[in-house]
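Reviewing the structure listed below.
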Amino acid sequence: MSVQFIGMIGHRLASEIIPPTGPIFDKQYIADFARAHENAGFDRILVAYASDQPDAFLVTAHAGASTSRIHFLLAHRPGFVAPTLAARKLATLDHLLDGRLAVHIISGGSDAEQKRDGDFEPKDSRYRRTDEYIDVLKQSWYSEKGYNHQGEFYQAENAFSAIKPFQNRLPVFFGGSSDDAIRVAGKQADVFALWGEPLDSARETVEAVKASAARHQREIDFSISFRPILGNTEEEAWAKADEILTKATAQQAEKGTALAPKPQSVGAQRLLKAVAQGDRLDSCLWTGIAGLIGGGSNSTALVGTPEQVSDALLKYYDLGITTFLIRGFDPLNDAVEYGKSLIPLTKQKIAARQAHNKTDATTLV
């Protein structure tokens, strides 16, 4: 199995330890950030969604125009754009990017966040809506003639999209840790995305999603997200982690409010369960920031030398997880650093494994 690395770009410089800097839609920063990932050897970049931030379609389009090779992962929430229109928007963007697009469907884990955009559907309904939404997306993308759809949330008569994805199949990523999320993922997702949980928890989720996919005679790939903190020595890396927690705590205090946790999100609850187990888990998994922000985003880190963090990633690879979303607390500079050490080292180790396994298989013939 090959391995892929996904980065994440923002529309301006900001993180848990860096106050927002520059204009809210910083065109130069977006372009520089995207090119930094491309030059660092990332395979794809996530463009996130938030109810009060610039439109991710346009951020992706601008980043795509500033790059030539790297692929993109556009976060998209059902419920705000009709699926027939969303299908055309996504297909058009895929053409603009010459087939470099995937979509990450997010049902939404917080009622408060959804309501800011005018969505008052309860959480259990949102997953039913997501399932139906993806059905309509795929009908629009792949139907060669008009179709009718009469569902719980959407109706369309003789719907048709003349523009199809540039690719034969536009990849669908999907996230969520609830039973409803796993049910939808098994039916619809090409890639299931986990936050950075301990190995035992990640294994549990992988097995549950595989079982869900098997009920639809499907196979599914997996992605997991971490915030690597690298040092020339293990001691240096952990000192950096301590400094990051100090800065993040100070920035939170300066704002006067804690970053909002997501108690409705099962993913957040799972991260908080990991926090309760301790701040250092497995070989080098750190939960310090996850505890500080209430588990509300991909906030767990792998801490150590590039060699140690790479070895930790390989343990998740052994669970069947072949895509790693990594982003740092100093976003652009960390992306550059990952490209110098962590990404090539991990890919080299996996390539060496594959070559060794191929040699062993040939010997046994």
Side-chain angles (χ1 to χ4, degrees), residues 5-22 26 29-30 32-34 36-37 40-42 45-48 50 53 75 193-197 223-255 257-262 267-268 271-272 274-275 279-306 308-310 312-313 324-343 346:
F5 281 91
I6 301 179
M8 179 174 171
I9 62 170
H11 44 84
R12 64 173 166 180
L13 177 60
S15 79
E16 293 89 344
I17 65 171
I18 301 174
T21 303
D26 191 331
Y29 180 73
I30 293 168
D32 291 344
F33 206 1
H37 280 83
F42 282 84
I45 313 171
L46 171 67
V47 180
Q53 298 302 305
L194 300 83
W195 282 343
E197 300 181 3
S223 169
I224 195 165
S225 303
F226 292 108
R227 313 287 293 276
I229 300 172
L230 305 179
N232 293 321
T233 65
E234 183 177 1
E235 293 74 19
E236 179 183 313
W238 283 107
K240 286 175 68 173
D242 289 340
E243 182 181 3
I244 286 167
L245 182 57
T246 298
K247 288 182 178 179
T249 303
Q251 180 166 305
Q252 195 178 90
E254 186 175 331
K255 288 180 178 179
T257 56
L259 295 177
K262 295 182 179 179
L271 286 192
L272 289 176
V275 170
D279 62 348
R280 298 189 186 189
L281 305 174
D282 295 334
S283 61
C284 60
L285 180 66
W286 181 55
T287 65
I289 298 298
L292 179 67
I293 68 172
S297 66
N298 61 309
S299 48
T300 52
L302 295 174
V303 182
T305 65
Q308 290 172 322
V309 173
S310 177
L313 291 175
F324 300 110
L325 193 158
I326 56 173
R327 63 186 181 103
F329 294 97
D330 183 0
L332 195 154
N333 291 326
D334 284 344
V336 172
E337 183 181 19
Y338 300 153
K340 292 177 179 178
S341 56
L342 183 59
I343 292 174
T346 306

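Partners of Asp242 under the salt bridge (charged side-chain N to carboxylate O under 4.0 Å, His left out) rule, at least two apart in sequence or in another chain, do not exist in this structure. Legend: residues meeting side chain to side chain donor-acceptor pair (under 3.5 Å) with His11, ordered by chain and number and at least two apart, are Gln53. Not counting sequence neighbours, the partners of Glu243 by the salt bridge (charged side-chain N to carboxylate O under 4.0 Å, His left out) test are Lys247. Under the side chain to side chain donor-acceptor pair (under 3.5 Å) criterion, Thr346 pairs with Ser310, not counting sequence neighbours. By the side chain to side chain donor-acceptor pair (under 3.5 Å) test, Arg327 is found to be paired with Asn298, residues two or more places apart in sequence or in another chain being considered.
Checking side-chain atoms of Thr21 against main-chain N and O of Pro19 turns up a donor-acceptor pair under 3.5 Å. A distance-only check finds no donor-acceptor pair linking the side chain of Thr287 to the backbone of Ala290 [under 3.5 Å]. In this structure, Gln251 contributes its side chain and Ser15 its backbone to a donor-acceptor pair below 3.5 Å.
How far OG of Ser223 is from CG of Leu194: 7.5 Å, rounded to the nearest 0.5 Å. Once rounded to the nearest 0.5 Å, the distance linking CG of Leu313 with CD1 of Ile326 reads 7.5 Å. Rounding to the nearest 0.5 Å places CZ of Phe226 at 10.5 Å from CG of Leu325. To the nearest 0.5 Å, atoms CG (Leu230) and NZ (Lys240) are separated by 6.0 Å.
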Before you tell me yes or no, could you show the steps for Phe33 and Leu13 under side-chain contact (heavy atoms from CB on, under 4.5 Å), namely the whole-Å CA-CA distance, both residues' side-chain angles and the distance that decides it to 0.1 Å? CA-CA 9 Å; Phe33 206 1; Leu13 177 60; over 6 Å; no
When you look at Ile224 and Phe324, which way does the side-chain contact (heavy atoms from CB on, under 4.5 Å) test go after all the steps? CA-CA 5 Å; Ile224 195 165; Phe324 300 110; 3.5 Å; yes
List the steps, then state whether side-chain contact (heavy atoms from CB on, under 4.5 Å) holds for Ile244 with Glu16. CA-CA 8 Å; Ile244 286 167; Glu16 293 89 344; over 6 Å; no
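Pro331 places a side-chain heavy atom less than 4.5 Å from the side chain of Ile18. Looking only at side-chain heavy atoms (C-beta outward), Ile9 and Tyr29 stay at 4.5 Å or farther from each other. Side-chain contact between Phe42 and Ile6: absent, with no pair of heavy atoms (C-beta onward) separated by less than 4.5 Å. Considering only heavy atoms from C-beta on, Arg227 stays 4.5 Å or farther from Thr300 through its side chain. Two residues are said to be in side-chain contact when any heavy atoms from C-beta on lie closer than 4.5 Å; Val303 and Val309 fail this criterion.
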Side-chain polar contacts of residues 334-343 - donor-acceptor pairs under 3.5 angstrom, sequence neighbours left out - could you list them?
| residue | atom | partner | partner atom | Å |
| --- | --- | --- | --- | --- |
| Asp334 | OD2 | Phe329 | N | 3.0 |
| Asp334 | OD2 | Asp330 | N | 3.0 |
| Tyr338 | OH | Pro228 | O | 2.6 |
| Ser341 | OG | Glu337 | O | 3.3 |

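When all heavy atoms of Gly231 and Ala237 are compared, the closest pair comes out as N-CB, 3.6 Å. Nearest heavy-atom pair across Leu271 and Ser299 is CD1-OG, 3.9 Å. The nearest pair of heavy atoms linking Ile229 to Ala301 is CD1-CB, 3.9 Å. Contact detail for Gly295 and Leu272: the closest heavy-atom pair is N-CD2, 3.9 Å. Residues Gly22 and Arg12 approach most closely at O-NH1, 3.4 Å, considering heavy atoms.
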